[in-house]
Every structure is written in structure tokens, then in C-alpha cells.
Amino acid sequence: MSDLPRIRSAHPFTVAFFSMEVGLDPAMPTYAGGLGILSGDTLRAAADMGVSMVGVTLLHRKGYFRQHLDAQGNQTESPAEWLPESFLEPLPFMVSVSIEGRQVQVRAWRYIVYGIGGHPVPVYFLDTATSQNSPWDQTLTDHLYGGDAHYRLCQEAVLGLGGIAMLRAIGHDRVRTYHMNEGHSALLTLALLKERAQGRGLLGLTKSDREAVRRRCVFTTHTPVPAGQDQFSLDLVRGVLGEEQTAALQTAECCLDSVLNMTYLGLANSHYINGVSMRHEEISSSMFPNYPINSVTNGVHAVTWTSKPFRDLYDQHIPEWRRDNLYLRYAISIPLDDIQKAHEQAKRDLLAEVERRSGVRLDPAILTLGFARRATAYKRADLLFSDLDRLRKIASDVGPLQVIYSGKAHPRDEAGKAQIRRVFRAAEALRGAVQVVYLEEYDMALGQSLCAGVDLWMNTPQKPLEASGTSGMKAALNGVPSLSVLDGWWVEGHVEGITGWSIGDNWEPGSNPDVESASLYHKLENAIMPLFYKNKDDFSKVMRWAIALNGSYYHAQRMVLQYMENAYLATGKG
Ligand SMILES: *Cc1c(COP(=O)(O)O)cnc(C)c1O
């Protein structure tokens with residue numbers, strides 16, 4: 001690949017990207033949601049661009065979980081067991097991490113992401129299931145986001161401390177930058193400080209040691225709520241990591257009221273800190289006023305999230321798009337007919353998948369709304385059902401409507417599980433008026449097919465809790481406009497009636513559900529449905545703008561380029 005040589009020559013050093021979850025293959029359940037998908041997309045884009053990057057994560061032998069929904073929408077879970085040996089190559093290295101005074105052995109499996117020009121980005125999956133470890137220690141890398149605080153802290157020790165040790169054992173000696181994707185991996189800073197303190201002990205660290213570590217670290221926060229931050233009591237930390245490491249953490253501006261806050265550990269030890277959208281930068285700056293917060297808005301890996309019909313369409317009209325996603329801007333030259341045809345195919349493919357999974361046959365002529373995301377209270381999956389009579393009336397007066405839902409609730413998120421049940425109840429109440437289906441097991445494969453095959457992508461988070469959101473970006477790549485609350489990326493990506501529609505008309509924090517549901521119904525009734533049913537070409541123009549304006553920008557290639565320019569290349573300075 002001949003493009004972007006400047007980047008490679010300017011940055012001969014390796015970036016180590018750490019994340020608790022990474023989504024690389026739909027058949028590897030090593031991710032839970034947006035954070036993991038973003039990690040996978042980052043690694044894929046880095047490989048395409050020839051960036052020297054390695055990924056570090058945990059193996060998660062039992063995955064996140066498999067979701068089962070009964071007829072009332074009650075969710076139960078079972079482990080998502082998989083066979084690492086069918087996807088990954090075991091490496092002959094063993095490192096150890098001291099946990100509660102035991103030397104826990106950690107090995108690694110490798111997955112190689114190959115870029116469009118063949119450039120490899122290795123990803124290391126850390127694994128403690130080896131016979132040298134006690135039965136309990138062997139389970140440490142089993143469950144993603146499972147277990148109690150003690151289990152989580154042990155996992156984070158494996159990821160941060162074990163991850164650095166593993167990079168050294170493998171021989172990645174040119175790692176210049178450590179990128180922490182959220183706070184779960186922030187203990188890696190402790191490992192780097194320990195390396196600096198060689199011989200003097202952790203308590204002999206100087207200001208310049210800390211500065212040297214800071215210059216190498218980059219921290220991305222994804223959480224706009226304090227409750228979302230990982231925190232551990234210092235008693236627990238002392239038990240797991242021992243006296244000396246705990247004392248070192250206590251001098252690192254990350255402990256308050258006898259609690260270790262992993263976000264603060266990341267912030268205090270990074271020279272570059274960012275939120276994941278313009279809006280999230282503002283929210284994060286008010287949450288962490290002592291730190292300079294930048295932003296790099298998320299992006300999705302364009303080729304991965306573009307459906308086959310649209311890949312073929314772009315290949316035909318703008319073949320450069322695979323190598324350089326910015327060329328998607330030239331989608332403005334694609335005839336509307338061709339866009340309509342490609343979308344009709346993506347929609348047929350989705351509806352066939354819906355029928356295969358649920359037995360429900362949806363009508364391809366009907367305006368189809370999609371909503372799929374983590375089922376948790378602030379995402380408000382049920383906002384569309386605030387006034388069922390109003391919704392019935394719209395469907396009978398303006399035109400028919402059908403809705404496809406999907407999404408898992410964390411096993412301990414009771415409010416999230418209640419959201420799913422409410423969607424099921426609304427579906428029942430709307431029977432005969434508006435068809436609503438809820439698909440189990442939202443994953444990468446279903447995500448791709450859903451974002452591409454519906455006519456309108458709906459997002460209803462409670463402001464300002466959506467840090468970015470990425471599924472609307474996947475939809476845009478497939479010519480699917482969004483109808484969304486002005487939060488996260490949509491604050492930047494929304495142009496009314498051009499790239500989609502807003503729910504409500506401002507992005508001030510705080511949501512008024514009555515105002516928002518009224519706006520949602522109003523836009524459907526007066527703007528979107530008349531366009532869809534009576535003015536197909538104008539609807540297709542919105543689809544084309546969604547690609548040309550948003551598809552061409554909200555992709556991972558632009559995101560990685562921004563990390564290079566603003567965070568990684570700046571590392572060597574000073
Ligand atoms: C894209 C994606 C997400 C994240 O989407 P949001 O818009 O951030 O909710 C989560 N899960 C899956 C399976 C996805 O494909």
C-alpha cells in the first residue's frame with residue numbers, strides 16, 4: 001500500500017493499545033458492546049494504515065454471555081463458551097503477576113489483524129487458565145465484566161501488569177506509546193513506574209520518573225457518569241497488590257477517601273487525555289477540571305460495517321474508498337436509483353435474517369425503524385412507546401411502520417432488563433397496528449445487518465449520557481439516516497433534514513421525556529414518513545447525504561489519524 005507513508009516514517013515506534021474488550025470476529029465473544037467494537041475498529045484501521053500497533057486484552061474464555069428471552073421478554077443468561085484454539089495461535093511465553101502474594105502465571109494467544117495492504121497488527125489475549133495456577137486463578141480470564149470487585153481488580157492486574165510483562169517477554173522493545181482505552185487497563189502505569197524505579201523501589205520514584213511515564217501514556221475516557229468509573233477500596237487493593245504497590249498508588253493522585261479510582265490513575269499518568277466526541281469532551285472537562293481533556297470523536301471501520309450491496313456500489317463508483325475512506329464524500333455523485341437499489345437489497349437481507357431468527361416475516365415496503373444497543377436505563381428503548389395511541393394513529397393516518405429491536409442487558413442491570421420487558425409489552429399492545437420484533441443475541445454480525453437494512457436508525461439516550469455512540473455511524477455508511485436525541489456524536493453529525501433528524505432541538509443536558517417523545521412523534525408524522533411514502537427521491541437524497549457527509553467522516557481511519565497527529569506523535573516531544 002502506497003498511501004500514508006508520512007505517517008509510517010514519522011512514527012517508527014509501536015503503539016500498544018490496551019482494552020478490557022476487543023471485538024475482532026463475530027464468533028469470538030470477547031466483547032460486550034461499543035467499547036470492544038471500537039477497539040476492534042481501531043486495530044483494523046491501524047492495520048489498513050500501516051501503523052505499528054499491537055493490541056492487548058484478556059481471553060474471556062466464557063465470553064460476555066448468551067442472552068435468552070422468554071415470551072414476556074425476561075432475560076436469562078448462559079456462558080458464551082468458545083474455542084480459542086480455533087481462532088488464535090498460542091504463544092510460548094509465560095509471565096507472572098503477583099496477586100495476593102501468589103505468582104499467577106499468564107500466557108498469551110495471538111490474533112493477527114491484517115490491513116488492506118497486508119500490514120499485520122498482532123493482538124494478544126492474556127490467559128491464566130494454565131495448570132500451574134490454582135483452580136480459582138485459572139478462572140481470572142474467563143468472564144468479561146463478571147464477578148465481584150475482587151475478581152475485577154484481579155483481572156485488571158492481569159491486564160495492566162501482565163500485559164506489560166507479556167509485551168516485554170514477546171520482545172516488543174520499540175513500544176513508545178501506551179494507549180489505555182478506558183480505565184480498566186490503568187494498572188499498566190504502575191508496571192511502567194516499576195520499570196523506571198528499577199533498583200530504587202517504587203517508593204524511590206522521582207518526579208522525572210513520573211514525567212517519563214506520562215510522556216508515554218494516552219488515556220481515552222468513555223464514561224460520562226462518575227458511577228461508570230471503576231473504583232476499588234484501598235483495603236481490597238492492599239490485599240490484591242500488596243503494601244508497596246498500594247503505597248505507590250496513593251502518591252499518584254488517584255486515590256480519594258480510601259478508594260482507588262482507575263480513571264484518575266489513567267488521567268494522572270497520561271500526557272494526552274481525550275473524550276470521544278465534542279460533547280463528551282465538554283462533559284469530561286467538567287467532571288475532571290484538573291486535567292486538560294481533548295477529544296477525538298469515535299469512528300467505525302468502514303469496510304467492516306458497510307453491507308455487501310453498498311460495498312459493491314462504492315467499488316463501482318468510488319473504488320478508492322477502501323484505501324482512503326475520505327473518498328466516500330464523492331458518494332454525492334452516485335445516482336439516487338443506485339442508492340435505492342442497494343438499500344433494497346440490504347433491507348431484503350435483513351428481513352430474511354429477522355425471519356430466520358424470529359419466524360416473523362416483515363414487509364419490505366414498510367418504513368422500518370431500528371434500535372439496537374445495550375439495554376440499560378439511560379438508553380430508553382421504550383421512548384417510542386410513550387404514547388401508544390399516538391403511535392397507532394400515526395401508523396393508520398400516515399403510513400405503516402415496523403420496528404426491530406435488539407440488545408442485551410448486563411446480567412445485574414435490573415433496570416436494563418425491565419426495559420426489554422417494556423418493549424415486549426408494547427409490542428403486544430401494538431399487535432395489529434405496528435409490528436415490533438425484539439431479536440436475541442445482539443452481536444457484531446446482527447449489528448452490521450441491522451444498521452444497514454432498516455430505513456431509519458433511532459437513538460433515544462438521556463442527555464448527556466451518550467459519550468459518542470457508534471451504531472448511527474454504521475447506519476450512515478449504509479445510507480441509513482438517524483433520528484436521534486442530540487447527544488454524543490449526533491451533536492456534530494446532525495444536519496436537520498439532510499443527514500437525518502433530531503429528537504428535541506437542543507443539546508443542553510437533562511432530558512424531558514414528554515418533550516422528546518412529542519418531538520419524536522412529530523418528526524415521524526410530519527417529516528420522515530411523508531418523505532418516505534410520498535417523496536422517495538427526497539428520502540434517497542437524505543440517504544446520500546448521510547453517506548457523503550457522515551460516512552466520509554465518522555470512520556476509524558480518520559479517528560486513528562487524529563490519534564496519530566494529536567496523541568501518539570506528540571509522545572516523543574519534551
Ligand atoms: C456498534 C455496536 C455497539 C455500539 O453501538 P452504540 O451506538 O454505541 O450503542 C454495541 N454492540 C454492537 C453489537 C455493535 O455492533
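All ligand and atom numbering here is 1-based and tracks the order in the structure.
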Could you check ligand 1 for N or O atoms lying under 3.5 Å from protein N or O atoms and list the pairs with distances?
from	atom 1	to	atom 2	distance (Å)
ligand 1	7 (O)	Thr470	N	3.1
ligand 1	7 (O)	Ser471	N	2.8
ligand 1	7 (O)	Ser471	OG	2.5
ligand 1	8 (O)	Thr470	N	3.2
ligand 1	15 (O)	Lys474	NZ	2.6

*asked:* Given 3.5 Å as the limit, does a donor-acceptor pair link the side chain of Gln402 with the main chain of Thr368, or not?
replied: no
*With a 6.0 Å cut-off on ring centres, are Tyr327 and Tyr330 close enough?*
yes
*Would you kindly check if the NZ (Lys) or CZ (Arg) of Arg558 is within the cone defined by 45 degrees around the ring axis of Tyr553 and under 6.0 Å from the six-membered ring centre?*
yes
*Kindly indicate whether a cation-pi arrangement holds for Lys408 with Tyr64, taking the cut-offs as under 6.0 Å to the six-membered ring centre and within 45° of the axis.*
no
*Are Trp489 and Tyr554 near enough that their ring centres are under 6.0 Å apart?*
yes
*Cation-pi check, Arg373 to Phe371: give yes when NZ or CZ is under 6.0 Å from the six-membered ring centre and within 45° of the ring axis, no otherwise.*
yes
